[in-house]
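Remarks on the structure that follows.
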Amino acid sequence: MSIDALCINTLRTLAMDAVQKADSGHPGLPMGAAPMAYVLWQRHLKHDPSNPHWPDRDRFVLSAGHGSMLLYGLLHLMGYAVTLDDLKAFRQWQSNTPGHPEVGVTPGVEATTGPLGQGNANAVGMAIAERMLAARYNRPEFPLFDHFTYALMGDGCAMEGITSEAASLAGHLQLGKLIVFYDSNDVTLDGPAQVSMSEDVGARYSAYGWQVLSVANGDTDISAIDSAISEAKEESGRPTLIIVKTTIGFGSPKKAGTSAAHGSPLGVEEVAATKRALGWPESPPFYVPNEVRAHFLKAEKANRGRRLHWEELLSRYRRANPQLGAELDRVLAGKVPSAVHSLAPPITSAPIETRSAAGAAQNAFALEMPELVGGDADLGGSTKSVLKDLGSFGPGHWGGRNIHFGVREHAMAAIANGICYHGGLRPFVATFLVFSDYMRPAVRLAAMNHLPVTFIWTHDSIAIGEDGPTHQPIEHLMAMRAIPNLVIFRPADAAETIEAWRSALLRTDGPTGLVFTRQKVPFIDRTVCAAADGLHCGAYVLAEASASTPKAILIGTGSEVAVALEAREVLEKAHVPTRVVSMPSMELFAKQPESYRDAVLPPAVTCRVSVECGITWGWERWTGSAGASVGIDRFGASAPASTLLREYGITPQNVVDTVRRLLSPRD
């Protein structure tokens, strides 16, 4: 048996043994895709296991994340901090080899994958990041960023809509350093892929503007795989799809080529039979021949030399370009410029849409943060999120900081995650709040993986008016607040908007959602009301009651803070001492010490009314069982904004009446 075949069969049998020991997992993809993965990692991939975060490494994303044992086997053999005992603990409690690849859990994993198609879009984001960083920092004699992004997808990924969105954009952008392997084994979990898919995937990608290459026998023809990768790397103007025909569960006498090999262990007897068919010893399990270890060690040493050469290049770059070198060190470390802490964009006293205030703030911060990049879902004129005079990203303009994602919300969010995974940039994406539904799977993964993506959601309530219920978010704020580690801000005015942007940029351990109005909101006089930096605590006393102890507390967010302030005036004139609390972020307020929360919302004051243009579910945490909520628990309608707010009761008078109802039994 040749050394190549020996290495490939090692990957196959490690996957079989790990899945069998766990009594859970997906052996079929690793067994079929092992040859293409081996050739890529052994002969082409630029990486260094001793420094998994080397900035100029090639990226590899296993979009078909259910085949995780293929990746874990590669990481183990290549010398990453993944031991044989780790492989034996596959899918077990606190193991660093979980069921699907997770960033931050397993060294060498570039993206958390499993939800099919996400990894493909992440890879597009990584390829975008490489081009952006190369445009800003590379110099003719200093090619600091010059690496490829690879992804491996299966038939399931090919079916997912997010894959089509991402592939379409990648072709349009001519991302020539993006190479995707399509493990075309014609089998899905439920059976043959043909029961649900009969299209020509290659023709589809050709139409997207990709180079499409094919390997007819991906089970054994490693020379053809090697040649295809080399050809893909030579194509600079188009991304490449390499269609590799494989047999799922290759080698299994009974289950190869069937869905039985997809998502279940082969079984003890079939594992033994497969090893015999592959010419492999039946025991011990997790057997790795010495020749295989030695062969992978040679590649590991060669890669380390490439990384050391790059670090020497970086040292010379710093000396030749000290200012850019210092900036590069900062952005690669994920540090925020000191100016972000104190920057104070001007504020007008005229009523303003918070989306417009946000656009002005964002542009001011962008001048201090060259790493701030992003775009919108064909809505830049509406979301006000365009970075002015900073160019559009694309062929020949790789340094442009505005990305035109088109109407591709799901891919847009996942691509932003990929930019974050890559490092060196801080991405934002923007669309209407109601379309956050199209983004939710990627937003959830950003939160799960502590990615500091900024999600901008405008047109945040029924006050968008005539567009009607299809465009009027009702449940969306609470739905997004339900995602762990996602911080949502709904600022009340321009001052809070600036602070919300500041908080988003200073946060480095997770994503932030910024929610803005289409309609104008009144200016809040901060010489009379509290300063807006109270936002960083999540909620704060904006306007105090006339008495030392308030009789009622009004809690508002966003545009409804103005409604609460108007209601307070009426109540104060009626001798009801009323406090107004602005709560732009429930999540941050919940993290504050109990003493602070009780100071803002004294437990003794039970007459509390929340005011928010969305569902009332969830507000009981802050209003208490004796309080009430003014909100909307049904879908909106098509009408002018003023009519809708009146008809749905988002008015100062309704807030006043609600307070009076709460107080009347006690008076």
Worksheet, complete the sentence: To the nearest 0.5 Å, atom CZ of Phe145 lies from atom CH2 of Trp310 at 6.0 Å

Worksheet item: Taking C-beta and beyond as the side chain, do Arg43 and Ile222 meet within less than 4.5 Å on heavy atoms?
Response: yes

Discussion item. I want to check something: taking the side chain as every heavy atom from C-beta on, are Trp398 and Phe393 in contact at a cut-off of under 4.5 Å?
Written reply: yes

Discussion item. Looking at Tyr317 and Tyr137, would you say the former's side chain and the latter's main chain have a donor-acceptor pair under 3.5 Å?
Written reply: yes

Worksheet item: Mind checking whether Trp41 and His47 have parallel, tilted or perpendicular rings, split at 30° and 60°?
Response: perpendicular

Worksheet item: Salt bridge check: are Glu371 and Arg136 linked by an N-O gap of less than 4.0 Å?
Response: no

Discussion item. A quick test of your reading: do over 12 heavy atoms of other residues, nucleotides or ligands sit less than 6.0 Å from CZ of Arg238?
Written reply: yes

Discussion item. Please enumerate all residues that pass side-chain hydrogen bond (donor to acceptor under 3.5 Å, both in side chains) together with Tyr38, with sequence neighbours excluded.
Written reply: Asp4, His295

Discussion item. Can you tell me if Glu141 has over 12 outside heavy atoms packed within less than 6.0 Å of its CD?
Written reply: yes

Fill in: Side-chain donor/acceptor of Asn185 to backbone N/O of Val187, under 3.5 Å
yes

Worksheet item: Is there a donor in the side chain of Thr188 and an acceptor in the side chain of Asp155, or the other way round, less than 3.5 Å apart?
Response: no

Discussion item. Would you compute the distance between atom CG of Asn417 and atom NE2 of His422 and round it to the nearest 0.5 angstrom?
Written reply: 14.5 Å

Worksheet item: When you look at Thr163 and Asn120, which way does the side chain to side chain donor-acceptor pair (under 3.5 Å) test go after all the steps?
Response: CA-CA 6 Å; Thr163 296; Asn120 284 346; 3.2 Å; yes

Item to complete: Heavy atoms only: give me the nearest Pro98-Thr106 pair and the separation to one decimal.
Response: CD-OG1, 3.7 Å

Fill in: Heavy atoms of other groups near Glu269 CD, more than 12 under 6.0 Å
no

Item to complete: Check whether any side-chain heavy atom of Gln42 sits under 4.5 Å from a side-chain heavy atom of Cys7, and report yes or no.
Response: no

Worksheet entry | Short side-chain to backbone donor-acceptor contact, Thr112 and Val103, under 3.5 Å | yes

Item to complete: Ignoring hydrogens and angles, tell me if any N or O in the side chain of Thr113 forms a donor-acceptor pair with the backbone of Pro101 under 3.5 Å.
Response: no

Item to complete: Please check if the side chain of Gln194 supplies one atom and the backbone of Ser196 the other of a donor-acceptor pair under 3.5 Å.
Response: no

Discussion item. Would you compute the distance between atom CE of Met412 and atom CD1 of Ile162 and round it to the nearest 0.5 angstrom?
Written reply: 11.0 Å

Worksheet, complete the sentence: Closest non-hydrogen contact found for Ala34 with Leu70 is CA-CD1, 3.9 Å

Discussion item. Looking at Glu311, is its backbone amide N or carbonyl O close enough to the side chain of Ser315 to form a donor-acceptor pair, meaning the two atoms are under 3.5 Å apart?
Written reply: yes

Fill in: Salt bridge present between Glu110 and Arg57 (N-O < 4.0 angstrom)
yes

Worksheet item: Taking all non-hydrogen atoms of both residues, which atom of Leu173 and which atom of Ile128 are closest, and how far apart?
Response: CD1-CD1, 4.0 Å

Fill in: Nearest heavy atoms of Glu165 and His410, plus distance in Å
OE1-N, 3.5 Å

Worksheet item: Any salt bridge between Asp23 and Arg91, counting N to O under 4.0 Å?
Response: no

Worksheet entry | Test log, rule side chain to side chain donor-acceptor pair (under 3.5 Å), inputs Arg507 and His450 | CA-CA 10 Å; Arg507 186 173 191 227; His450 305 278; over 6 Å; no

Discussion item. Counting C-beta onward and ignoring hydrogens, is there a side-chain heavy-atom pair between Leu14 and Leu87 closer than 4.5 Å?
Written reply: yes

Discussion item. Using modelled atom types and a 3.5 Å cut-off, is there a donor and acceptor pairing between side-chain atoms of Ser168 and backbone atoms of Ser164?
Written reply: no

Worksheet entry | More than 12 heavy atoms from other groups under 6.0 Å of OH on Tyr438 | no

Worksheet entry | Side chain Arg293, main chain Val288, donor-acceptor under 3.5 Å | no

Practice prompt. Could you give me the CA-CA distance, side-chain angles and deciding distance for Met36 and Ile242, then say whether side-chain contact (heavy atoms from CB on, under 4.5 Å) is met?
Written response: CA-CA 10 Å; Met36 72 178 89; Ile242 304 176; over 6 Å; no

Fill in: Under 3.5 Å: donor-acceptor pair, side chain of Arg12, backbone of Leu278
no

Response to the item:
dist Ile229:CD1 -> Leu40:CG (nearest 0.5 Å) comes out at 5.0 Å

Practice prompt. Give the minimum heavy-atom separation between Ala166 and Ala411, together with the two atoms involved.
Written response: N-CB, 3.8 Å

Worksheet entry | Side-chain ion pair, Asp17 and Lys275, N-O less than 4.0 Å | yes

Worksheet entry | Heavy-atom pair with the smallest gap, counting every atom of Leu486 and Glu587 | O-CG, 3.4 Å

Discussion item. Using a strict threshold of under 4.0 Å (side-chain N to carboxylate O), is an ion pair present between Lys88 and Asp86?
Written reply: no

Worksheet item: Would you say Asn290 has more than 12 foreign heavy atoms packed within less than 6.0 Å of its CG?
Response: no

Fill in: Beyond-backbone contact of His172 with His404, side-chain heavy atoms, under 4.5 angstrom
no

Worksheet entry | Spacing of Trp54 atom CH2 and Asn303 atom CG [to the nearest 0.5 Å] | 7.0 Å

Worksheet item: Which pairs with one or both residues in residues 255-292 pass ring-ring contact (aromatic ring centres under 6.0 Å, His included), sequence neighbours excluded?
Response: His26-His262, His66-His262, Trp280-Tyr287

Fill in: Working for side chain to side chain donor-acceptor pair (under 3.5 Å), residues Asp48 and Ser50
CA-CA 5 Å; Asp48 180 9; Ser50 67; 2.8 Å; yes

Item to complete: Find the distance between CG (Leu241) and CG (Leu178) and round it off to the nearest 0.5 Å.
Response: 9.5 Å

Discussion item. A side-chain contact here means heavy atoms from C-beta on lying under 4.5 Å apart; do Lys233 and Thr240 qualify?
Written reply: no

Worksheet item: Does any N or O in the side chain of Asn485 come within less than 3.5 Å of the main-chain N or O of Asp509, such that one atom is a donor and the other an acceptor?
Response: yes

Worksheet, complete the sentence: Partner of Ile419 under side chain to side chain contact (heavy atoms under 4.5 Å, CB included), picked from Val453, Val124, Ile403, is Ile403

Fill in: Side-chain heavy-atom pair Glu102, Val109 within 4.5 angstrom cut-off
no

Discussion item. Tell me which pairs pass salt bridge (Lys or Arg N to Asp or Glu O under 4.0 Å) where either residue lies in residues 242-265, with sequence neighbours left out.
Written reply: Asp186-Lys245

Item to complete: Give the ring-plane orientation class for Tyr208 versus Tyr205, where under 30° counts as parallel, over 60° as perpendicular and anything between as tilted.
Response: perpendicular

Practice prompt. Decide if atom NZ of Lys21 counts as having more than 12 heavy atoms of other residues, nucleotides or ligands within a radius under 6.0 Å.
Written response: no

Worksheet item: Quick one: does Leu152's side chain get under 4.5 Å of Tyr182's, heavy atoms only?
Response: no

Discussion item. Please evaluate residues Ile415 and Arg408 with respect to the criterion side-chain contact (heavy atoms from CB on, under 4.5 Å), reporting the C-alpha separation (whole Å), side-chain torsions for both, the decisive distance (0.1 Å), and the verdict.
Written reply: CA-CA 10 Å; Ile415 288 169; Arg408 303 181 178 98; over 6 Å; no

Item to complete: Identify the residue among Asp58, Asp146, Asp56 that makes a salt bridge (charged side-chain N to carboxylate O under 4.0 Å, His left out) with Lys177.
Response: Asp146

